[in-house]
A.B. asks: 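One structure coming up, written as structure tokens, with questions to follow.
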Amino acid sequence: MTNLAQTQSMSGTVAVWSRAAYAISIVLLVWLILLPFAIIFLTPFIEEEAGFSSYAEFFRDAAMLRATWNSLLVAGGLAVLSAIIGTVLAFGVARTSMRFKGLVRVTMILALISPEFLLAMGYILLAGPNAGYANVALRNILGLGTQTGPLDIFTLWGLVFTALPSGVSFVFLALVPAFRSMDPALEDAARLKGANVWRTIFTVTLPLARPAILTGTLLAFATSLAMYGPPEMLGVAVLTVSIREALLGLDFDVASVASAVLVGMSIIALMLQRFGIRHAERYRTISGKAFAPRTLDLGPAVHVLTVLGLLYVMLALMLPYGTMLAVSLMKSIGNGFSAGNWTLANFDAILTDGSIRKAVFLSLQLAAACAAIVSVLGVIVGYVVVRTSQRGRSLLDYISVLPLAVPGTALAFALIVLYLNEPFRSLGLYGTPIILLFAYLARFIPLGVRNSQSALVQVGPELEEASRVFGAGELATLLRITLPLILPAFIYTFLLVFVLAIPELSASIVLRGFNTQTISTSLLSVWNGNGGLAVACAYGISIFVTVSLIFGAALAARGLAGVWSGRKPTDY
Amino acid sequence: MKLGNLKTGSVAVLALLGPAAASAQDGPLQIYSAYPDEHMAALIEGFNAKYPDVEVQVSVQPGEQLLSTLELELRANAPQADVVGLNQASISSLAADHGAFAEYQPEGIAEVRESLRDPEGVSVPACVNVYLIQYNTNAINAEAAPTSWMDLTAPEWENQIAMADPSSSQSIQSFLWFVTQYLPQNGQDAFDWDYFTQLQANGVRLEGSHGTIRDLTAAGERPLGIQLLANGQTSANRGDPTSLVWPTEGSPGEVSSFAMFEESDNPEAAQAWLDFIVSPDAQAIMPDALGCAPVLSEIDYAFPDGTAVSDVNIVPVDSAWIAENREAQTEAFQAAMSN
């Protein structure tokens, strides 16, 4: 066979595989993402036929306006504080000789993967205005004569504080690789021109890190817009809570408009991020040369960074989880740290409770199914986007990142509307774990697609071409060359989705029913009186330890595969 | 033999077997419950002593959230449980919108106090749960504790009180009815929706469930709670530093109930559950189980603090009125709290 004939035959096979992968991708992405996304906006026009008047009513409703404003304020405040603290700490860890770098890095990762409502639990116990342990201690230390304060977690700024550890870690984990991979020659040039270290940092280092700062900050912004557990527990009226309350009152109109407003704000945030990094090549400093990250000498100022790092570790990890651990060992929370008030019964209650066992089992099943499907679908979509020339492949790319802008509560609302009405109602999925799986898939597809895209980009097409030249078909090339090369990334994606899906709350709480009680909804139920605070703390500590161990396994898998270089959970 | 004849034949044989029929109930029994697991556990234990082959599974949600879950499942024609445990008003409200519940008169219903029975024959009364004030004894001395509902509006209790939010809790509807309907109609003119505006001005904290309020009171974070007796009982069992006050204006008492779905997958077990609920065996453990007063007058009962039932002014709530007006009550409450 001539070379030309070989190429023609090969391109024929490629086309078949490309088309099949494209068809699978488009069907699944439309079903799982685009359809619910459309429902969010179309409900007032279909379900209630109120149309635009629902929007007019929403913007006349003082409570809804307050919730919208609160959402913006919390997300904005969190983004600014996260950007400042995250940048300082990332710089400290990546470029200075500050102490306890490993501790700070581990805390950042734990803050990102552990469910945000666990921190809310810890902070309520610490900073409840009347009996919070930190407040009692501060009143004693400062000799305050009051019975309340000085801290009050049940406020808007209390909510910002609660979400801060994960917001900071978004910025931190996006920035550390950026700081590490900068070409030191640029800083050297500034120093040679006479700039001191601080001037170099502010005129060269930080501007070069702008895309990473923007990425981390806007991820923190979008994530806090979507947050449900902490505002619900603290009683702060934000849009996610309004969506849930509207659904409890079966007011689908209000739920739809609140969801649409929230999605709109998230989309603007993501567009701003894309706009901010539109000239990425200007900031590209990785050119194939190996840079040793240069340690800058900040003098005594480095101690400030060490203190800030330790403060972060204390506030994001030690204090909240330490308090939860202490409370989890109490017989009665009212009798505090007194002799005779200690017990392991709360852990026993968790381990022996049938409904908790059922919820844990369901969450593990859902997380495993979701992780498996997302990993495979991620490879298929990633393959279409990166390796084929199918028309419309960039559309797939856009649809697959859309869920980043859709909070779980809004997504769950859309699924309720979708599966309560014909034609989908006849599928009989409402109230079953399948509907939860749909929600989880939609939420985590961006992670799968983005991780596999990055992995595929790193695999040079020459290897696949060589395989084809030696006569292997497209499928054989995929199975023998491409998949083994991206297997480590595949396993990492699976474990990362698995660990993030286990404590999913915002969609699960809206879809909660007899057979859809998950770890997070049952924990919230225990916290809300079905067991109590001490049992909830035992449950929370158990979840924290489990999630941390699984994530440790994910990191080990990635470490073993030698793909540690640069990619972080912030890919999500 | 045709299937119908087979069924008839089987029923006849079971009837001949008499008492042994009780042990014929088996399989899973799924119960949606607004009552916490730890309250349900004692009831299930008693039930399983009688029906060991029935595997009772419980899914707990705060009442108003459970109502919403059920409403959506009924819209999808897919109720996921056999039995539901809610207060009488909530079950009536759901039954009014959906013909989803089976009418069932359990054995022994005739022994239940007539005023507590559901005239529609849908919900089966389990016990009477009353509202009172729970306070933290580490933070408040018994002498200083409030003695009336009106005392809670006093400035000294600013930022100290928690109550349930009607957008999440079903039971608080009973308290709203008591304050805005019953008391004004019975000569207590100081009570109306403005009472809640005053509580709001006094920094009352709204919580999704009475269980959270119990824990906040026990922890001292909110040392005063507008609370249900059932949670007072739980606190007493746990050794929490809390005590109860029976307010001088009286206490609204709501009927905690159960009902079975028409589409139950296990109607025999569901009926057995309802039979058990009104049986003297279940009623005797009701104070320990659901933490509330039995509905059979023959059962001796004293409240967790030792108070005799006869010493307390319990006002039976008007469940039918609440079932019809719950949405309007919630809206009026929200309006009062935003004044």
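These figures come from a predicted structure and were not determined experimentally. A, B, ... follow the sequence lines: proteins, then strands. Residue 1 opens every chain.
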A.B. asks: Please report the closest heavy-atom contact between A/A131 and B/E221, naming both atoms and the distance.
C.D. replies: N-OE1, 2.9 Å
A.B. asks: Side chain, backbone, both or neither: which part of B/P223 has a non-hydrogen atom closer than 4.5 Å to chain A?
C.D. replies: side chain
A.B. asks: Among B/R238, B/R205, B/E73, which residue has the highest count of heavy-atom pairs closer than 4.5 Å to chain A?
C.D. replies: B/R205
A.B. asks: Does anything in residues 234-245 of chain A get under 4.5 Å of chain B by heavy atoms, and if so which residues?
C.D. replies: A/L234, A/G235, A/R244, A/E245
A.B. asks: Please classify the contact of A/S525 with chain B as side chain, backbone, both or neither, using a heavy-atom distance under 4.5 Å.
C.D. replies: side chain
A.B. asks: With a cut-off of under 6.0 Å to the ring centre and 45° to the axis, is B/R75 in cation-pi contact with A/F252?
C.D. replies: yes
A.B. asks: Can you confirm whether B/Q57 is buried at CD, in the sense that more than 12 heavy atoms of other residues, nucleotides or ligands lie under 6.0 Å from that atom?
C.D. replies: yes
A.B. asks: Restricting to non-hydrogen atoms, name the atom on B/R222 and the atom on A/N130 that form the minimum distance, rounded to 0.1 Å.
C.D. replies: NE-ND2, 4.3 Å
A.B. asks: Can you tell me which portion of A/M233 sits under 4.5 Å from chain B's heavy atoms? Options are side chain, backbone, both or neither.
C.D. replies: backbone
A.B. asks: Looking at every heavy atom in both A/S332 and B/P241, which two are closest together, and how far apart are they?
C.D. replies: OG-CD, 3.7 Å
A.B. asks: Side chain, backbone, both or neither: which part of A/L125 has a non-hydrogen atom closer than 4.5 Å to chain B?
C.D. replies: neither
A.B. asks: Check whether B/V58 gets within reach of chain A through its side chain, its backbone, both or neither, counting any heavy atom under 4.5 Å.
C.D. replies: backbone
A.B. asks: Of the backbone (N, CA, C, O) and the side chain (C-beta and beyond), which part of B/E71 lies under 4.5 Å from a heavy atom of chain A, both, or neither?
C.D. replies: side chain
A.B. asks: With a 4.5 angstrom heavy-atom cut-off, which part of B/I31 approaches chain A: side chain, backbone, both or neither?
C.D. replies: backbone
A.B. asks: Can you pull out the residues in residues 338-363 of chain A with any heavy atom less than 4.5 Å from chain B?
C.D. replies: A/D353, A/S355, A/K358
A.B. asks: Can you name the closest pair of heavy atoms from B/Y32 and A/F514 and give their distance?
C.D. replies: OH-N, 2.6 Å
A.B. asks: Tell me, do B/Q61 and A/R512 make a side-chain contact under 4.5 Å, heavy atoms counted?
C.D. replies: yes
A.B. asks: Using a 4.5 angstrom heavy-atom cutoff, name the option from A/P129, A/A62, A/A63 with the most pairs to chain B.
C.D. replies: A/P129
A.B. asks: Which residues in residues 134-142 of chain B have any heavy atom closer than 4.5 Å to a heavy atom of chain A?
C.D. replies: B/N138
A.B. asks: For chain A, which of B/T212, B/L70, B/L66 has the most heavy-atom pairs under 4.5 Å?
C.D. replies: B/T212
A.B. asks: Give the member of B/L72, B/I213, B/T69, B/T234 that has the highest number of heavy-atom pairs under 4.5 Å with chain A.
C.D. replies: B/L72
A.B. asks: Mind checking whether B/S68 and A/L250 have side chains closer than 4.5 Å, heavy atoms only?
C.D. replies: yes
A.B. asks: Please state whether the side chain, the backbone, both or neither of B/R214 comes within less than 4.5 Å of a heavy atom of chain A.
C.D. replies: side chain
A.B. asks: In terms of heavy-atom contacts, does CD of B/E327 have more than 12 from other residues, nucleotides or ligands at under 6.0 Å?
C.D. replies: no
A.B. asks: Pick whichever of A/L248, A/I333, A/V327, A/T148 has the most heavy-atom pairs under 4.5 Å with chain B.
C.D. replies: A/L248
A.B. asks: Select, from A/G513, A/S522, A/G132, the one with the greatest count of heavy-atom pairs under 4.5 Å involving chain B.
C.D. replies: A/G513
A.B. asks: Tabulate, in ascending numerical order, the residues of residues 528-537 of chain A having at least one heavy atom closer than 4.5 Å to a heavy atom of chain B, or enter 'none'.
C.D. replies: A/N528, A/G529, A/N530, A/G531, A/G532, A/L533
A.B. asks: Which heavy atom of A/Y430 sits nearest to which heavy atom of B/Q80, and what is that distance?
C.D. replies: O-NE2, 3.8 Å
